[in-house]
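The structure appears right after this line, and notes come after that.
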Amino acid sequence: MSKTILITGGAGFIGSHVVREFVLKYPEYQIINLDALTYAGNLENLKDIEACANYRFIKADITDQGLILELFQQYQPDGIIHLAAESHVDRSITDPSAFVMTNVIGTVNLLNAAKEIWKNNFEGKRFHHVSTDEVYGTLGETGLFKETTSYDPHSPYSASKASSDHFVRAYHDTYGLPIVITNCSNNYGPNHFPEKLIPLCIHNILNNRPLPIYGDGKFTRDWLFVIDHAKAIDLVFHQGKNGDSYNVGGFNEWKNIDLVKELCRQVDEKLNRATGTADQLITFVKDRPGHDLRYAIDATKINQELGYQPSVTFEQGLSITIDWFLQNQDWLDSVTSGDYQNYYKKQYH
Ligand code: NAD
Ligand code: TYD
């Protein structure tokens, strides 16, 4: 094996696509997936590659400083791709401390462990921190987030991610740790946990339940297909400039209400029903506190410096996503049983 790459959060939505991309594309790498398997982690997401010779899963919590150092000493990773996080804004509003623990303390534990085992010999080493565009706060009706945009987080989630980004940069500036950061826009695709807008609406359409739209539905997000995010991570991990950050997106802004209507249209079409059937489920509900109006990524840097281009259009990506959910209703049923029901009741009733 030419390199050992440790991917945190590899059982989650984006992490599972990153693990698959690396396991299949780099048979010469040993890929270690380190994940605590919280409510959002699911090894079913990786069933197709779990028997690959270059893949190994370790159940561990990144908030456990001692265990993380021990594992780093044992496996001596050359590269870290860090995705493990608490990732849902609404949950961060009800329980901010969990976000500080995993997203801030957990990240610092990983940085310390990398610094300890690499011992200032950084040749061939890389710590890739996967972050979000939400650290930049909100845009008005115009403008785009650039890598130089000041951080201005508003939710406990984005504040914890912003804090972790600052620590990652601080370890580069202070100790010379070789780092890169990617700040990506909203992802969608197969295996998306149905607490987030798109999979929640697909799940609710399939169960004939209301589609809850916060506020007036005019909030705007910039959507990227998850496999295109995984490809961007591969590119930046291998070719990104040490110490730099890269915004990742596909110039694909949608107001929530327009997006949900397009989703309804495609689901009706795939189920051979009259257009407008799913639309009737749209229900405007109380707004999210501190709701950011608009996110939009300027992806010029990653495009010009690394030649990055998304591989699918939004229409193609959404169609693949809906097909996946229609064909994997067992997966949806299993992740929405148990605790999800309590979460849903608390959040929406
Ligand atoms: P997710 O919630 O689907 O998955 C998170 C994974 O991390 C799960 O497998 C979970 O078990 C694991 N995890 C959580 N706490 C842990 C801990 N203490 N120790 C070890 N593992 C732990 O999240 P996601 O949507 O796949 O996001 C992955 C990363 O990408 C996050 O860092 C997130 O901030 C970032 N990101 C997400 C989006 C998006 O649209 N979802 C966009 C940009 C960036
Ligand atoms: P979400 O998928 O939670 O991602 P994020 O908050 O990280 O952008 O939400 C996407 C958008 O959809 C956001 O503006 C909030 C809105 N939203 C709803 O209107 N209803 C919902 O039930 C959810 C979960 C989100």
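Start at 1 and go down the list; that is how both ligands and their atoms are numbered. Scope of the values below: all heavy atoms of this structure, side chains included, with no hydrogens, waters or symmetry mates.
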Taking [atom] as the point of reference, which of [options] owns the nearest heavy atom?
atom	options	value
atom 25 (O) of ligand 1	Tyr39, Phe13, Tyr295, Phe99	Phe13
atom 32 (O) of ligand 1	His229, Lys161, Glu195, His17	Lys161
atom 12 (O) of ligand 2	Asp287, Leu259, Asn256	Asn256
atom 44 (C) of ligand 1	Ser131, Cys184, Ser16	Ser131

Could you check whether any side-chain heavy atom of Phe127 comes within less than 4.5 Å of a side-chain heavy atom of Pro178, counting everything from C-beta outward?
no
Answer with yes or no whether the side chains of Asn112 and Tyr175 bring together a donor and an acceptor at under 3.5 Å.
no
Can you see whether Asp90 engages Tyr214 through a side-chain donor-acceptor pair at a distance of less than 3.5 angstrom?
yes
Using a cut-off of 6.0 Å, state whether more than 12 heavy atoms not belonging to Arg169 lie near its atom CZ.
yes
Just to verify, which of Phe325, Trp254, Trp324, Phe225 counts as forming a ring-ring contact (aromatic ring centres under 6.0 Å, His included) with Tyr188?
Phe225
Thr321 and His192: side-chain hydrogen bond (donor to acceptor under 3.5 Å, both in side chains), yes or no, with the steps?
CA-CA 9 Å; Thr321 303; His192 204 179; over 6 Å; no
Looking at ligand 2, does Tyr348 have a heavy atom less than 4.0 Å from it?
yes
His88: heavy atom below 4.0 Å from ligand 2, yes or no?
yes
Which atoms from ligand 1 have a heavy atom of [X] less than 4.0 Å away?
X	result
Ala60	19 (N), 20 (C)
Asp61	17 (C), 18 (N), 19 (N)
Ser87	1 (P), 2 (O), 23 (O), 25 (O)
Ser185	42 (C), 43 (C)

Please state whether the rings of Phe22 and His238 are parallel, tilted or perpendicular, taking 30° and 60° as the class boundaries.
parallel
On the 0 to 90° scale, with breaks at 30° and 60°, tag the His17-Phe13 ring pair as parallel, tilted or perpendicular.
perpendicular
Where does Thr132 meet ligand 2, judged by heavy-atom distances below 4.0 Å: at the side chain, the backbone, both, or neither?
neither
Which segment of Glu195 sits under 4.0 Å of ligand 2 when only heavy atoms are counted
backbone
Would you call Arg91 and Glu195 a salt bridge, using N to O less than 4.0 angstrom?
yes
Quick one, Asp234 with Tyr26, criterion side-chain hydrogen bond (donor to acceptor under 3.5 Å, both in side chains). Give me CA distance, side-chain angles, the key distance, then yes/no.
CA-CA 10 Å; Asp234 175 20; Tyr26 302 106; 2.6 Å; yes
If we only consider heavy atoms of Tyr188, is any one of them less than 4.0 Å away from an atom in ligand 1?
no
Between ligand 1 and Thr8, can you find any atom pair, the residue atom being a heavy atom, that is separated by under 4.0 Å?
no
Atom 5 (C) of ligand 1 [closest protein heavy-atom partner, distance rounded to 0.1 Å]:
Ala85 O, 3.4 Å
Closest protein heavy atom to atom 11 (O) of ligand 1, given as residue, atom name and distance to 0.1 Å:
Asp35 OD1, 2.5 Å
Is the contact between Trp223 and ligand 1 made by the side chain, the backbone, both, or neither, using heavy atoms and a 4.0 Å cut-off?
neither
